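This report concerns only the one structure given below.
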Amino acid sequence: MKLASFEATGHATYGVVDTLGLYRPVSAAFQQAYPDLKSVIVAGALPALQAAAIGPGLPEDAVRLLPVIPNPGKLICVGLNYKSHVAETKRADSEYPSLFLRFNDSLAAHGDEVLRPAFSERFDWEGELAFVIGKGGRHIAKENAFDHIAGYACFNDVSVRDWQKHTHQFTPGKNFPGTAPFGPVLVTRDEVPDVTALTLETRVNGQVVQHASVGDLIFDIPTIVAYVSRFTPLSPGDVIATGTPGGVGDRREPPLYMKEGDVAEVEITGLGVLRNRIGTDHSAA
Ligand code: MG
């Protein structure tokens, strides 16, 4: 299934994207039982979602997409997880995954305008694969990791590089509001038999800036799930972004950053295209 969270006629809902690309919201009764997509996952009710998505098929221009999971309990990002990116940052390899956290209000939807703060010129893309936890757990063994995954989506870990690099903690530069587009859809795990076979591509104004195989992850998904669940419980609806490959703008010569009017796209095989126009936040210029 391809699942989406969206607003239709001013009402926040969720449902299935059918084979024609139409958005089919769940019934009112289903939404009363499960107010949002995360609550469906928490209840283990994903198998019932297809039959509950009985609303009229809405074309994309009739809905306003929301982040595919707007309210994860935890939003964890892996940094420095492709050799091509580690090399361009000139950092040493690490024995353990590098992790940082995002706030939920840093999420954005497919189609949202992503706002560069007017006081930073270093607004950069990071195309990534994200996955959503379906079954929670602690101390999850690598061999069981995929049993805990509900599905996959595109993610753009848009970064304010100067604020990211004020110190060695990434938090500020990764948490400006609405800077992490997530979607357009969540593709359930059953439709992705081999996640390492997927190809990730990031484009800015149509120009390919990142192109990599998910199979090139340094710390693969089972390793990430095992490592994270060692120190914190993972819960249904939690989101983990797996890191970006080489090709970020900040490491180019000369550097290349996103500015107002640019269009960023992240495409992953079978997961769709996550597209966002860049704007400017003048609120603190
Ligand atoms: Mg990243």
Side-chain angles (χ1 to χ4, degrees), residues 67-69 72 74-94 96-108 110 114 116-117 120 122-132 152-183 195 198-204 209-221 223-225 227-228 238-252 255-258 264-268 271 274 276 278:
V68 69
I69 303 286
K74 290 172 181 151
L75 174 49
I76 300 170
C77 301
V78 185
L80 304 165
N81 203 18
Y82 285 85
K83 280 199 182 305
S84 55
H85 182 51
V86 174
E88 71 185 353
T89 63
K90 301 184 173 62
R91 290 171 188 261
D93 291 350
S94 169
Y96 301 103
S98 165
L99 302 177
F100 60 92
L101 305 177
R102 274 184 172 268
F103 309 135
N104 286 350
D105 71 359
S106 78
L107 287 171
H110 169 72
V114 174
R116 174 187 65 83
S120 172
R122 297 176 63 186
F123 201 55
D124 203 352
W125 58 83
E126 288 195 1
E128 306 195 7
L129 171 77
F131 62 90
V132 176
Y152 304 97
C154 302
F155 193 91
N156 195 346
D157 179 26
V158 174
S159 304
V160 182
R161 296 296 186 199
D162 38 1
W163 280 70
Q164 179 186 340
K165 294 175 180 178
H166 283 167
T167 72
H168 59 280
Q169 300 287 348
F170 288 6
T171 303
K174 298 287 193 175
N175 278 288
F176 281 76
T179 53
F182 178 33
V195 72
L198 306 185
T199 297
L200 182 160
E201 186 168 280
T202 309
R203 298 180 290 268
V204 177
V209 290
Q210 296 181 297
H211 185 94
S213 167
V214 171
D216 291 341
L217 284 173
I218 297 171
F219 299 102
D220 63 9
I221 288 174
T223 302
I224 295 167
V225 168
Y227 182 76
V228 172
D238 287 353
V239 174
I240 300 183
T242 57
T244 204
V248 301
D250 199 53
R251 298 292 177 173
R252 286 167 182 264
L256 179 63
Y257 299 109
M258 299 190 293
E265 293 175 306
V266 179
E267 180 167 13
I268 300 176
L271 307 187
L274 174 63
N276 296 86
I278 306 305

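Heavy atoms only: backbone and side chains are in, while hydrogens, waters and symmetry mates are out. All ligand and atom numbering here is 1-based and tracks the order in the structure. Since we're looking at a predicted model, the values are computed, not measured.
Crowding of Lys165 atom NZ: a count of heavy atoms from other residues, nucleotides or ligands under 6.0 Å exceeding 12.
Nearest N/O/S atom of Glu128 with respect to the Mg ion (ligand 1) is recorded as OE2. Of all N, O or S atoms in Asp157, the one lying closest to the Mg ion (ligand 1) is OD2. As for Glu126, its N/O/S atom nearest the Mg ion (ligand 1) is the one called OE1.
Shown are Gln164, Arg161, Arg122; of these, the side chain to side chain donor-acceptor pair (under 3.5 Å) with Asp250 is made only by Arg122.
Between Thr179 and Arg102 the shortest side-chain heavy-atom distance falls below 4.5 Å.
Heavy-atom minimum distance, Leu200 versus Tyr82: CD1-OH, 4.2 Å.
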